[in-house]
Amino acid sequence: MAFPLIPIPLLLLVLLSLSFPSPSLSSCSSDSLPSNRIYTACNDLPHLSSSLHFSYENSTGTLNLAFSAAAADGGWVAWAINPVSSGMVGSQALIAFKQPNGSMGVKTYNVTSKQGIQEGAIMYKTSDLAAEYGSDGRIRLFAKVVVGKGITSLNQVWQVGGSVTKGVPDIHDFNADNLAASGKLDLVKGVSTGGSSSAAGSTSKKRNIHGILNGVSWGILIPLGAMIARYVRVFEAADPAWFYMHVSCQLAGYGLGVAGWATGINLGKESKGITFTTHRNIGIAIFALATLQIFALFLRPNKDNKFRFYWNIYHHSVGYTVIILGAINIFRGLTILQSADKWRYAYIAVICILVLVAIILEAATWCVVLKRRKNNEKTYNSNGNGSVQQPFSV
């Protein structure tokens, strides 16, 4: 009887959880601004606990503004005008954050990609750039931007990020509020309108479906199928039922995994400029290896075939690799989704339960195997064949 060489309990994984404090709600009317900062309009923006104070001088085409948003200490806030579309890409951004010298400052960015930004000149002339971090945990960005005479409305985009590395704002979260932080700024009526969160909510829902499918498939069903193959097969009464249980579990896991992989590919196509390279590459590797396992099933040699030993080594190696990569990618996905800690802890609990069960079954299985080997030795010796131990089949 074949017996896998690698024990299941090697699947202990450790990843750090990232969390950011929830922004506090604030009204623009209660926003504390310096006494020399006076504006004619004050709007609460619908996302990211932010507000915009502004005045527009039609004679000079100058927009005088103060953007305020709750942010973590060491984080950043951004307000931008997009002259070509309503999204982030193409926007002419002002980003406020703590500078390397410790003071608050504002830098300009021509945003050409959602993956990363570089400081540079923008198409609008700016002046009076300043920023402050208040005791209420809000960053306030001040600026004067020459948008042109006779302008009645603008596409505005705003954003909040949690950290800055070496003077460069790090990529922001991709929660529904972050994705919906855009809208129209009416300079005549003095009002701001925010983008609908329905599209962002739809994207968030697809991401959750993607995560659930992959979590159940690669994170639960595939490891469970491997445990069935390793531990249930030892009991002679379970032959050949263990094999059909193993195959059924793996096929179900593979099916859900393919569905999850397909939703991930679709999300990538819909999210222009957003690429989670490592998560994507690991996902592709998992899909390729799992598909290879399915096709290898049709090339499985008979038990007495001399190549069966080498096929077993390949089958077990690729299978364990898929399980390990699957667990790693699930944790990376949870980080990308910025999911609540309870979901991360829930999956850690699932892994711990699987590992604990595997340890118990590992000990029980070896007891059965060693007892069977001892009985075989007694039978072997009673037949007068000497005291040489019968080899343990692999």
Any non-hydrogen side-chain atom of Q159 less than 4.5 Å from a side-chain atom of V77? no

Between the side chain of T263 and the main-chain N/O of G260, is any donor-acceptor distance below 3.5 Å? yes

Same cluster for Y244 and V247 if Ile/Leu/Val/Met/Phe/Trp/Tyr side chains link at under 4.5 Å? yes

With the side chain counted from C-beta on, respond yes when I139 and F67 share a heavy-atom pair under 4.5 Å apart, and no when they do not. no

Does W242 offer a backbone N or O that forms a donor-acceptor pair with the side chain of R233 under 3.5 Å? no

Sub-3.5 Å donor-acceptor pair from the side chain of N214 to the main-chain atoms of H210, do we have one? yes

For C249 and L221 the tightest heavy-atom approach is SG-O, 3.2 Å

Are any non-hydrogen side-chain atoms of L187 and L154 less than 4.5 angstrom apart? yes

Measuring from atom CD1 of I81 to atom CD1 of I151, what distance do you get when rounded to the nearest 0.5 angstrom? 9.5 Å

side-chain contact (heavy atoms from CB on, under 4.5 Å) assessment of I209 paired with L213: CA-CA 6 Å; I209 292 174; L213 289 173; 3.9 Å; yes

Minimal heavy-atom distance between W218 and G326, with the atoms involved, is CB-CA, 4.1 Å

Name the residue from I360, V357, L361 that meets the side-chain contact (heavy atoms from CB on, under 4.5 Å) definition with Y231. L361

Does a donor on one side chain and an acceptor on the other come within less than 3.5 Å for Y254 and T291? yes

Count I, L, V, M, F, W, Y as connected when their side-chain heavy atoms are under 4.5 Å apart, and connections chain through other members. Are L141 and V168 then in the same cluster? no

Any chain of hydrophobic side-chain contacts (each under 4.5 Å) joining F243 to F295? no

If every non-hydrogen atom of Q293 is compared with every non-hydrogen atom of H315, which pair is closest and at what distance? NE2-O, 3.1 Å

Would you mind reporting whether L94 and Y124 have side-chain heavy atoms less than 4.5 Å apart? no

Can you list the steps and then say if W79 with Q156 is a side-chain contact (heavy atoms from CB on, under 4.5 Å)? CA-CA 7 Å; W79 185 86; Q156 65 171 339; 3.0 Å; yes

To the nearest 0.5 Å, how far apart are CD1 in I359 and CG in L354? 11.0 Å

Calculate, to the nearest 0.5 Å, the distance between atoms CG and CD1 belonging to L129 and I95 respectively. 12.0 Å

Would the distance check show the side chain of W261 and the main-chain N or O of L256 forming a donor-acceptor pair, the cut-off being under 3.5 Å? no

Modelled atom types, side-chain donor and acceptor of Q92 and N110, under 3.5 Å: yes

Verify side-chain contact (heavy atoms from CB on, under 4.5 Å) between I294 and L251, making sure each step is shown before the conclusion. CA-CA 8 Å; I294 296 297; L251 287 177; 3.7 Å; yes

Polar side chain donor-acceptor pair, N58 to K149, under 3.5 angstrom: no

Check whether the ring centres of Y347 and F331 lie less than 6.0 Å apart, and answer yes or no. yes

Sub-3.5 Å donor-acceptor pair from the side chain of D186 to the main-chain atoms of K189, do we have one? yes

Starting at CG of N329, measure out to CD1 of I282 and round the result to the nearest 0.5 Å. 4.5 Å

Would you say that L33 contacts Y39 through its side chain, given a criterion of any heavy-atom pair below 4.5 Å between the two side chains? yes

Going hydrophobic residue to hydrophobic residue with side-chain gaps under 4.5 angstrom, can you get from L289 over to L224? no

Give me the atom names and distance for the closest heavy-atom approach of A72 to G162. CB-O, 4.3 Å

Flag yes if more than 12 heavy atoms outside Y310 fall under 6.0 Å of its OH atom; otherwise flag no. no

Shared hydrophobic cluster for L325 and I284 (ILVMFWY, side-chain gaps under 4.5 Å): yes

Working note: V160 + H172, criterion side-chain contact (heavy atoms from CB on, under 4.5 Å); need CA distance, chi angles, decisive distance, verdict. CA-CA 7 Å; V160 175; H172 59 78; over 6 Å; no

From the list T60, L63, L65, T62, side-chain contact (heavy atoms from CB on, under 4.5 Å) partner of K144 resolves to T62

Looking at G120, is its backbone amide N or carbonyl O close enough to the side chain of T108 to form a donor-acceptor pair, meaning the two atoms are under 3.5 Å apart? yes

Any W158 side-chain heavy atom under 4.5 Å of L45 side chain: yes

Distance in Å, F287 CZ paired with I265 CD1, rounded so as to fall on 0.5 Å steps: 9.0 Å

Without hydrogens or angle criteria, can the side chains of S51 and D44 be said to hold a donor-acceptor pair below 3.5 Å? no

Distance alone, cut at 3.5 Å: any donor-acceptor contact between the side chains of E362 and T365? no

Any donor-acceptor N or O pair under 3.5 Å, side chains N312, H316: no

Side chains of E132 and F142: closer than 4.5 Å at any heavy-atom pair? yes

Could you go through the salt bridge (charged side-chain N to carboxylate O under 4.0 Å, His left out) check for D170 and K166 one step at a time? CA-CA 10 Å; D170 294 324; K166 296 181 179 180; over 6 Å; no

Correct closest heavy-atom pair for V111 and A93 would be CG2-CB, 4.0 Å

What pair of heavy atoms forms the shortest contact from Y133 to G137, and how long is it? OH-CA, 3.6 Å

Out of curiosity, T126 OG1 to K107 NZ, how far, rounded to the nearest 0.5 Å? 11.0 Å

Would you check if D73 and K98 make a side-chain contact, meaning some heavy-atom pair closer than 4.5 Å? yes

Would N64 and S55 satisfy side-chain hydrogen bond (donor to acceptor under 3.5 Å, both in side chains), going step by step from the backbone distance to the final call? CA-CA 5 Å; N64 188 13; S55 300; 5.4 Å; no

Can any side-chain N or O of R308 pair as donor or acceptor with the backbone N or O of P301 at less than 3.5 Å? yes

Under 3.5 Å donor-acceptor, H246 side chain and G225 backbone: yes

